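Because the structure is a prediction, the values reported are computed rather than measured. Lettering follows sequence order; numbering is per chain, from 1.
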There are 2 protein chains.
Amino acid sequence: METTWEDQLRTAGLRVTRPRRAVLQVLAERPHADVDTIVTAARVLHPSLSPQAVYGVLEALVAGGLARRIEPAGAPALFELRVGDNHHHLVCRSCGAVADVDCAVGAAGCLTPSDTAGFVVDEAEVVFWGLCPACRVQTPPETARVPEHHDRGGVRA
Amino acid sequence: METTWEDQLRTAGLRVTRPRRAVLQVLAERPHADVDTIVTAARVLHPSLSPQAVYGVLEALVAGGLARRIEPAGAPALFELRVGDNHHHLVCRSCGAVADVDCAVGAAGCLTPSDTAGFVVDEAEVVFWGLCPACRVQTPPETARVPEHHDRGGVRA
DNA sequence: CGGTTCTCTTGACTGAGTCAAGACAACGAC
DNA sequence: GTCGTTGTCTTGACTCAGTCAAGAGAACCG
């Protein structure tokens with residue numbers, strides 16, 4: 001890590017506080033963590049941390065460009081520190097695990113819709129649904145966070 | 001409509017009921033409707049219809065392949081009858097309006113991730129975020145359903 | 001028409017996330 | 001260092017989408 005959390009927070013115009021350092025620390029260790037996971041893990045560093053504080057911290061981090069929120073359908077929001085690079089996500093239908101994927105074809109042009117219906121598009125979000133290596137071989141764990149759903153009509157890979 | 005709702009329901013192994021006909025009717029008139037909209041509109045045809053019944057009907061329709069559920073981040077789930085064709089969605093960040101887009105490049109191969117990290121991918125879901133024609137020219141209406149969010153780090157179009 | 005089975009209604013409940021008020025802590029100035 | 005301002009966190013009540021469960025009711029089969 002070249003720049004410290006302090007530097008990044010200050011650069012974004014944010015004060016450096018204990019809750020923020022704790023949340024950043026947790027996110028660095030666990031990419032794609034949900035709020036509950038972050039609260040639990042961050043309490044090791046800051047026991048009195050409240051869930052609402054974490055919501056506030058994450059909102060500030062996202063607004064400041066230090067973190068990114070991802071919201072897979074049917075699961076609570078996840079947060080990650082990888083920002084500014086065109087990467088997408090693989091999500092396990094069974095256990096909810098998330099993995100990063102670099103942009104499908106390298107060029108964003110691939111994802112320009114043919115007909116935008118008058119919309120001004122500023123972002124293309126891609127989610128690949130499937131089964132992670134662990135769930136592929138064993139019976140789905142009951143810790144599943146993404147409800148089983150039938151074909152959602154998307155692109156067959 | 002070549003085949004009737006009745007035919008489609010029966011083909012899917014579902015009984016033909018009043019709530020189901022009402023929901024299908026509403027979805028045919030309003031693509032991308034949320035549960036609340038469906039309940040309200042369907043009550044014109046079936047006044048005693050309960051929200052829970054609609055959840056049940058929609059679950060049955062999705063499981064039977066008659067409908068598809070889409071869940072834009074930060075908004076309640078939407079449902080549509082277009083199934084089985086590789087189409088994606090444009091979502092307005094301001095008012096939550098949704099429009100259909102045909103598959104970006106025509107070929108699903110475009111959306112095969114380069115490195116699947118061991119995942120078995122069965123679907124690629126694409127959401128284009130932007131502003132709809134109406135919100136582009138006027139101040140955002142307070143009926144906005146998608147919270148304003150900063151850059152989410154996705155592909156810049 | 002009658003029985004079986006699926007579906008709907010009613011109502012209580014969960015879980016993620018939001019809102020608001022006041023206490024507290026970080027930063028800048030002196 | 002300390003003081004004041006301002007942004008941030010804590011506490012607690014609340015909203016909203018969606019789920020669960022039990023019993024009433026309707027659709028389909030014979």
Side-chain angles (χ1 to χ4, degrees), chain A residues 5-7 9-24 33-40 42-43 45-64 66 69-79 96 142-149, chain B residues 5-7 9-24 33-40 42-43 45-64 66 69-79 96 142-149:
Chain A
W5 302 142
E6 282 81 351
D7 290 340
L9 285 168
R10 275 186 239 276
T11 301
L14 297 170
R15 289 187 180 172
V16 179
T17 67
R18 211 126 94 81
R20 285 175 181 171
R21 260 184 290 204
V23 168
L24 284 167
D34 61 20
V35 171
D36 196 58
T37 301
I38 295 169
V39 171
T40 304
R43 277 184 174 155
L45 302 166
H46 187 182
S48 71
L49 187 66
S50 66
Q52 287 73 1
V54 172
Y55 279 108
V57 167
L58 290 168
E59 189 184 330
L61 294 180
V62 170
L66 297 198
R69 155 188 268 131
I70 56 181
E71 301 180 51
L78 306 176
F79 294 84
E142 72 274 49
T143 51
R145 290 181 306 183
V146 177
E148 181 201 329
H149 49 196
Chain B
W5 303 140
E6 282 79 353
D7 290 339
L9 285 168
R10 273 186 240 276
T11 302
L14 297 170
R15 288 185 181 171
V16 178
T17 67
R18 211 126 94 80
R20 285 175 180 171
R21 261 183 287 204
V23 169
L24 284 166
D34 62 19
V35 171
D36 195 58
T37 300
I38 295 169
V39 171
T40 304
R43 277 183 174 155
L45 303 166
H46 186 184
S48 72
L49 186 65
S50 65
Q52 287 73 359
V54 172
Y55 279 108
V57 167
L58 290 169
E59 189 185 330
L61 295 180
V62 170
L66 297 199
R69 155 187 267 132
I70 57 181
E71 300 180 51
L78 307 176
F79 295 83
E142 71 278 49
T143 50
R145 290 181 304 183
V146 176
E148 180 201 330
H149 48 196

Interatomic distance where CG belongs to A:L58 and C1' belongs to C:dA16 [whole Å]:
13 Å

Can you figure out which of C:dT9, C:dC27, C:dG17 approaches the side chain of A:A77 most closely?
C:dG17

Keeping A:R18 on the side-chain end and A:L45 on the backbone end, is there a donor-acceptor pair under 3.5 Å?
yes

Could you grab the distance from atom CG of B:L14 to atom CZ of B:R20, nearest 0.5 Å is fine?
5.0 Å

Could you check A:E59 against B:S48 and say which one's nearest nucleotide on DNA chain C is further toward the 5' end?
B:S48

Return the minimal non-hydrogen interatomic distance between A:V39 and A:P51, and the atom names on each side.
CG2-CA, 3.8 Å

So, is A:R18 near the phosphate of C:dA26, with a side-chain N or O under 4.0 Å from OP1 or OP2?
no

To the nearest Å, how far apart are B:F79 CZ and D:dG18 P?
7 Å

Choosing from D:dT10, C:dC8, D:dA17, which nucleotide comes nearest the side chain of B:P19?
C:dC8

Taking only the side-chain heavy atoms of A:L14 (C-beta and beyond), determine which of D:dT8, C:dT7, D:dT10 contains the nearest atom.
D:dT8

Given atom CZ of B:R10 and atom P of D:dA27, what is their separation to the nearest angstrom?
11 Å

May I ask you to say what A:R20 touches in the nucleic acid, namely base, sugar-phosphate or nothing, with a heavy-atom cut-off under 4.0 Å?
sugar-phosphate

Do B:R15 side-chain and C:dC6 base share a donor-acceptor contact under 3.5 Å?
yes

Can you tell me if the side-chain N/O atoms of B:H46 get under 4.0 Å from OP1 or OP2 in C:dT9?
yes

Between C:dA26 atom P and A:W5 atom CH2, what is the distance in whole Å?
19 Å

Crowding at CD, A:E59 (>12 non-hydrogen neighbours, <6.0 Å)
no

Grab the CZ-C1' distance between B:R69 and D:dA17 for me, whole Å please.
11 Å

Take the C1' atoms of the five end pairs on each side of the helix from C:dC1-D:dG30 to C:dC30-D:dG1, derive the two axes, and give their angle rounded to 10 degrees.
40°

Looking only at side-chain atoms of A:P76, point me to the closest of D:dT10, D:dT8, C:dA16.
C:dA16

Are any of the side-chain heavy atoms of A:L78 and A:P72 separated by less than 4.5 Å?
yes

Select base, sugar-phosphate, or nothing to describe what A:T17 touches, counting heavy atoms under 4.0 Å on all strands.
sugar-phosphate

From CG of B:L9 across to C1' of C:dT7 the rounded distance in Å is 12 Å

May I have the distance from A:I38 (atom CD1) to D:dC9 (atom P), rounded to whole angstrom?
14 Å

Of the listed nucleotides (C:dC8, D:dG18, D:dT10), which one gets closest to any side-chain atom of A:Q52?
D:dT10

Do A:L24 and A:L9 have side-chain heavy atoms sitting under 4.5 Å apart?
yes

Which heavy-atom pair separates A:R69 from A:V62 by the least distance, and what is that distance?
N-CG2, 4.2 Å

Sidechain-backbone polar pair: A:E71 side chain, B:G74 backbone, donor-acceptor under 3.5 Å:
yes

If I take atom OH in residue B:Y55 and atom C1' in nucleotide C:dC13, what distance separates them, rounded to the nearest angstrom?
14 Å

